Amino acid sequence: MRGWWQEISDLVLPADCAGCGRPGGTLCGRCRGALRGSGARRVEPSPAPPGLPVVHAAVDYVDEARAVLLAHKERGALRLARPLGEALARAVRAACPGGGPGAGSRGRAVLGSGAICGAGPGTGSGMRPGTESGTRPGAGASLGQKAGPGARPGAGPGARPRGAPLLLVPVPSARRSVGARGHDPARRIALAAASVLRADGRPARVPAVLCQRRRVTDQSGLDARQRRANVTGALGAVPGGGRLLVAGPVVVVDDLMTTGASLAEAARAVTAAGGLVIGAAVVAAPLTATNRN
């Protein structure tokens, strides 16, 4: 009910800019430009939790970007989902430098033809430099390549068809949080990002495959070690979720990365359900996250 009322009020009531507070609209041109940033960057928290895929962030979690994310997440400014989705789509594209599924002649590679999405020189799909293939989500063989010892489910020959859609899998919010806010921020932004990608000719879906299997503590006051312990084993696939994951490669997405614990747990749950994680993308990451570009 709250989400429905918020959407109506967003349309009919005058709003100040969510980024700077100036009158004249939900998001002014200056703050919209801040969300565009200077290009997505590869980021890594320190310490990086085990199982964390390669992560790309669209912008730094500072100033206008921070204010816009909080307005969407905590104050229900739902019209911000579109510009935030555009930012997330840029991070997703950075995670798939070969053009991504269905990119065809506009990209450098097409998934399913042996290309690797999210890989840099000398790395496996979605791997951080210095890791071995088969050791972590996103570290499997390229699509269409014969799987070797230690290969993950979904990484074998023919596991993902040529032209398969890219699956954006958001880190799920707790039911109580969704009820309190009136919406699921990460999922709403992911849906907007998928729409942007499809408009650009890149097939993308947002399957509802993950859920919380147990209650977790509010993470706001926890350090990196405590956050990792808090979320480890907390996520799982919904019944039938594995069947949805075979449709294409997965990019795990969220609005914000802090310690990376939630992204790592989501990647683990997707992998356990048979999905092929090729990377992760977020709208923003703190300046303390190491820039790996």
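Keep in mind the model is a prediction, meaning the values are calculated, not measured.
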- Query: Do you know the tightest heavy-atom contact between Ala95 and Ala280?
  - Reply: CB-O, 4.4 Å
- If you count the non-hydrogen atoms of other residues, nucleotides and ligands that lie under 6.0 Å from CZ in Arg215, is the total more than 12? no
- Decide yes or no for Cys20 and Cys31: does some side-chain heavy atom of the first lie under 4.5 Å from some side-chain heavy atom of the second? yes
- What's the spacing between Leu78 CG and Ile189 CD1 if we round to 0.5 Å? 10.5 Å
- Reference residue Glu64; test salt bridge (charged side-chain N to carboxylate O under 4.0 Å, His left out); the match among Arg36, Arg30, Arg32: Arg30
- Message: I need the Arg93 CZ to Leu88 CG distance, nearest 0.5 Å.
- Response: 10.0 Å
- Quick note, ring pair (Phe, Tyr, Trp, His ring centres under 6.0 Å) partners involving residues 29-49, not counting sequence neighbours, are none
- Residue pair Asp184, Arg188: steps toward the side-chain contact (heavy atoms from CB on, under 4.5 Å) verdict: CA-CA 6 Å; Asp184 186 334; Arg188 187 177 289 271; over 6 Å; no
- Message: Walk me through whether Leu235 and Gln212 qualify under side-chain contact (heavy atoms from CB on, under 4.5 Å).
- Response: CA-CA 5 Å; Leu235 302 182; Gln212 289 197 350; 3.7 Å; yes
- Heavy-atom closest pair (Ala18 atom, Ala71 atom, distance to 0.1 Å) is CB-CB, 3.8 Å
- Query: So, do Thr258 and Pro45 sit near enough that their side-chain heavy atoms are less than 4.5 Å apart?
  - Reply: no
- Query: Applying the 4.5 Å side-chain criterion to the ILVMFWY set and letting contacts propagate, would Leu80 and Val196 be lumped into a single cluster?
  - Reply: no
- Message: With a 6.0 Å cut-off (strictly less than), is the heavy-atom count around CZ of Arg213, excluding the residue itself, greater than 12?
- Response: yes
- Message: Is there a side-chain contact between Leu276 and Val250 in this structure, where contact means two heavy atoms from C-beta onward sitting under 4.5 Å apart?
- Response: no
- Query: Could Lys73 and Asp255 be called an ion pair, given the rule that one side-chain N must be under 4.0 Å from one carboxylate O?
  - Reply: yes
- Message: Do Val282 and Asp254 make a side-chain contact, defined as non-hydrogen atoms from C-beta onward lying under 4.5 Å apart?
- Response: yes
- Task: Identify whether the distance between the nearest side-chain nitrogen and carboxylate oxygen of Arg90 and Glu86 falls below 4.0 Å.
- Result: no
- Query: Which of these passes side-chain contact (heavy atoms from CB on, under 4.5 Å) with Pro249: Leu167, Val277, Leu166?
  - Reply: Leu166
- Message: Less than 4.5 Å apart, side chain to side chain, heavy atoms only: is that true for Glu44 and Val55?
- Response: no
- Note: Ala57 and Ala285 closest approach over all heavy atoms is CB-CB, 3.8 Å
- Task: Would you mind reporting whether Thr259 and Pro49 have side-chain heavy atoms less than 4.5 Å apart?
- Result: no
- Please round to the nearest 0.5 Å and tell me the distance separating atom CG of Leu287 and atom OH of Tyr61. 12.0 Å
- Task: Return the minimal non-hydrogen interatomic distance between Leu168 and Ala190, and the atom names on each side.
- Result: CD1-O, 3.9 Å
- From Arg187 atom CZ to Ser173 atom OG, the distance as rounded to the nearest 0.5 Å: 11.0 Å
- Message: Whether Asp60 and Arg66 form a salt bridge (side-chain N of Lys/Arg under 4.0 Å from carboxylate O of Asp/Glu) is what I want to check.
- Response: no
- Is any side-chain heavy atom of Leu84 less than 4.5 Å from a side-chain heavy atom of Leu35? yes
- Message: Run Val92 and His56 through side-chain contact (heavy atoms from CB on, under 4.5 Å) and show every step you take.
- Response: CA-CA 7 Å; Val92 171; His56 284 81; over 6 Å; no
- Message: Taking Val252 as the starting point, is it possible to reach Val216 by hopping between hydrophobic residues whose side chains are less than 4.5 Å apart?
- Response: no
- Minimum side-chain heavy-atom gap Val270-Leu210 below 4.5 Å: yes
- Could you walk me through whether Leu70 and Val68 pass side-chain contact (heavy atoms from CB on, under 4.5 Å), step by step? CA-CA 5 Å; Leu70 289 174; Val68 171; over 6 Å; no
- Query: More than 12 heavy atoms of other residues, nucleotides or ligands under 6.0 Å from CZ of Arg82: is that the case?
  - Reply: yes
- Message: Can you confirm whether the side chains of Arg227 and Ser262 place a donor and an acceptor under 3.5 Å from each other?
- Response: no
- Hydrophobic cluster identity match, Val231 and Leu263, side-chain contacts under 4.5 Å: no
- Item | For the student: nearest non-hydrogen atoms of Ala40 and Ala91, plus distance | CB-CA, 3.9 Å
- Query: Closest approach of Arg205 and Ala247, non-hydrogen atoms and distance?
  - Reply: NH1-CB, 3.7 Å
